[in-house]
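The figures that follow rest on heavy atoms only: side chains count, while hydrogens, waters and symmetry mates do not. Proteins get letters first, then strands, A, B, ... in listed order; numbering begins at 1 in each.
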2 protein chains.
Amino acid sequence: MSPNRSERRDAAENRQRILDSALRLFEQHGVEQVSMNQIAIEAQIGPGTLYRRYRNKGELCLELMKENIILLFEQIEEYLNLNRAESASERLKGVLALFLRFREKKAQLLKGVEESASAGRTKSRTQSPIYHELHQLFVGLFDEMAASAAEPSRLNGVFAADILLTALSSDSYSFQRDVRGHTPETILEQLCLTFIPSP
Amino acid sequence: MSPNRSERRDAAENRQRILDSALRLFEQHGVEQVSMNQIAIEAQIGPGTLYRRYRNKGELCLELMKENIILLFEQIEEYLNLNRAESASERLKGVLALFLRFREKKAQLLKGVEESASAGRTKSRTQSPIYHELHQLFVGLFDEMAASAAEPSRLNGVFAADILLTALSSDSYSFQRDVRGHTPETILEQLCLTFIPSP
DNA sequence: ATATTAAACGGAGACGTCTCCGTTTGTCAA
DNA sequence: TTGACAAACGGAGACGTCTCCGTTTAATAT
């Protein structure tokens, strides 16, 4: 990208080397197996320099996904635009499907993000911008669903979105995948059955 | 307890010292702030000895809660016995209330358990016996609810129980408490609204 | 009593994360 | 060009988890 007005040349070079090194190591050994130290060595910088730029592995993972994340939200926006007429529950399902596709592709990096996030002081969830944006989106859809329901429910849209999001976290999702043997499709189905009032 | 047929005397003494030390340190500084090293030092044993007995802090926390956990399940069983006549959804609510009470009282230790569990190789959830037992219980209730429902649902009881359990995890629960400002009561209410089909 | 042995011990050290701080180095203004 | 300064650097080291392995020791058989 364009040199951000004030990023030193050497810093920019290092940044690129970090990203390249991390990507290579991650692909070769898997995100979980690679330590920040290894990345620092591979990138030929000191650990301090690495941590100066990325407070933890999660931030690095996030950086590596940045473009894909932007793409994801563009897809979502596009889908939402093209399906304005659909019911809120149908649109929720659509958005979920898009996210699940993303989650499948970026499983490892996503996990890397969540692990460091929860390790750090701050509790996690609201941390990652991904989840924050998704949350807002879900709240909107839940509220809309509630508004168009026959009988009003005391169910809080924010709460429902929170729970849905934790169900989409790496921990929960991988568990359904690897232990329960679900496919993305059956997970989507079950999520809809759980979070969307009876059809 | 009774010397388990073959626990060396010195080992038993150490075990007790570990438990005492851990309890004291946890109460004084909070579970999260206390390291296994500190516990080892306080108990006057080597780190290796500590880890030989408890593979991680989580196992130690679990041990510290053992009696309370047993009590919890006794309470649940009693409640279930006294309320056989109630609907499955009502009983689910009752069990949840009991667990939430437990979770409030043992929040720190519970968190300790979950953190080490997820840090370790194995994924977590099914790990802790608490969650495993609760899971079975929930599955039974969900299935019962489905059986007595007007229209059959494709919602999987196992899946619903899994999601409910992740919603009860330290991460999710503390988030609702501390960030969203919920009380145990409102959380219980919202959980019911989320996981129990419209009344 | 003594020998045997399996369990328990303990601490060094591998490896990780992350911070602190003295040193180096672009950059920009004079 | 040069001087000053903020930013970037790097690595030592604090602290944590957890393992490995030579040594000690309680329990049991002789």
Take atom CZ of A:R53 and atom C1' of D:dA8, then tell me their distance rounded to the nearest Å.
8 Å
Going by atom types alone, do B:E77 and B:N81 pair a side-chain donor with an acceptor below 3.5 Å?
no
In whole angstrom, give the distance that lies between atom CD of B:E13 and atom P of C:dA8.
13 Å
Taking the side chain from A:E144 and the backbone from A:S89, do they hold a donor-acceptor pair closer than 3.5 Å?
no
Rounded distance in Å - CG (B:L50) to C1' (C:dA8)
13 Å
Between atom CD1 in B:I18 and atom C1' in C:dA8, what is the gap in whole Å?
11 Å
Listed pairs under 3.5 Å, donor-acceptor, residues 181-188 of chain B side chains, sequence neighbours left out:
residue : atom : partner : partner atom : Å
B:H182  : ND1  : B:T186  : OG1          : 2.9
B:T183  : OG1  : B:E185  : N            : 3.4
B:T183  : OG1  : B:E185  : OE1          : 3.3
B:T183  : OG1  : B:T186  : N            : 3.1
B:T183  : OG1  : B:T186  : OG1          : 3.3
B:T186  : OG1  : B:T183  : N            : 3.0
B:T186  : OG1  : B:T183  : O            : 3.0

Kindly state each residue pair satisfying salt bridge (Lys or Arg N to Asp or Glu O under 4.0 Å) with at least one member in residues 38-56 of chain A, sequence neighbours excluded.
A:E7-A:R53, A:R24-A:E42, A:R55-A:E59
Can you tell me the distance, in whole Å, between the CD1 atom of A:I39 and the P atom of C:dC18?
12 Å
Would you say the side-chain atoms of A:K57 pair up with the backbone N or O of A:V34, donor to acceptor, closer than 3.5 Å?
yes
Mind checking if A:R8 touches a base, just sugar-phosphate, or nothing, with heavy atoms under 4.0 Å?
base
Atom-pair distance (CD on B:E7; P on C:dA8), nearest Å:
8 Å
Return a single string for nucleotides 10-17 of chain C, one symbol per nucleotide in 5' to 3' order, where B is base contact, S is sugar-phosphate-only contact and - is none, cutoff 4.0 angstrom on heavy atoms.
BB----SB
Do other residues, nucleotides or ligands put more than 12 heavy atoms under 6.0 Å from the CD atom of A:E104?
yes
Separation of D:dT23 C1' from B:D10 CG (nearest whole Å):
14 Å
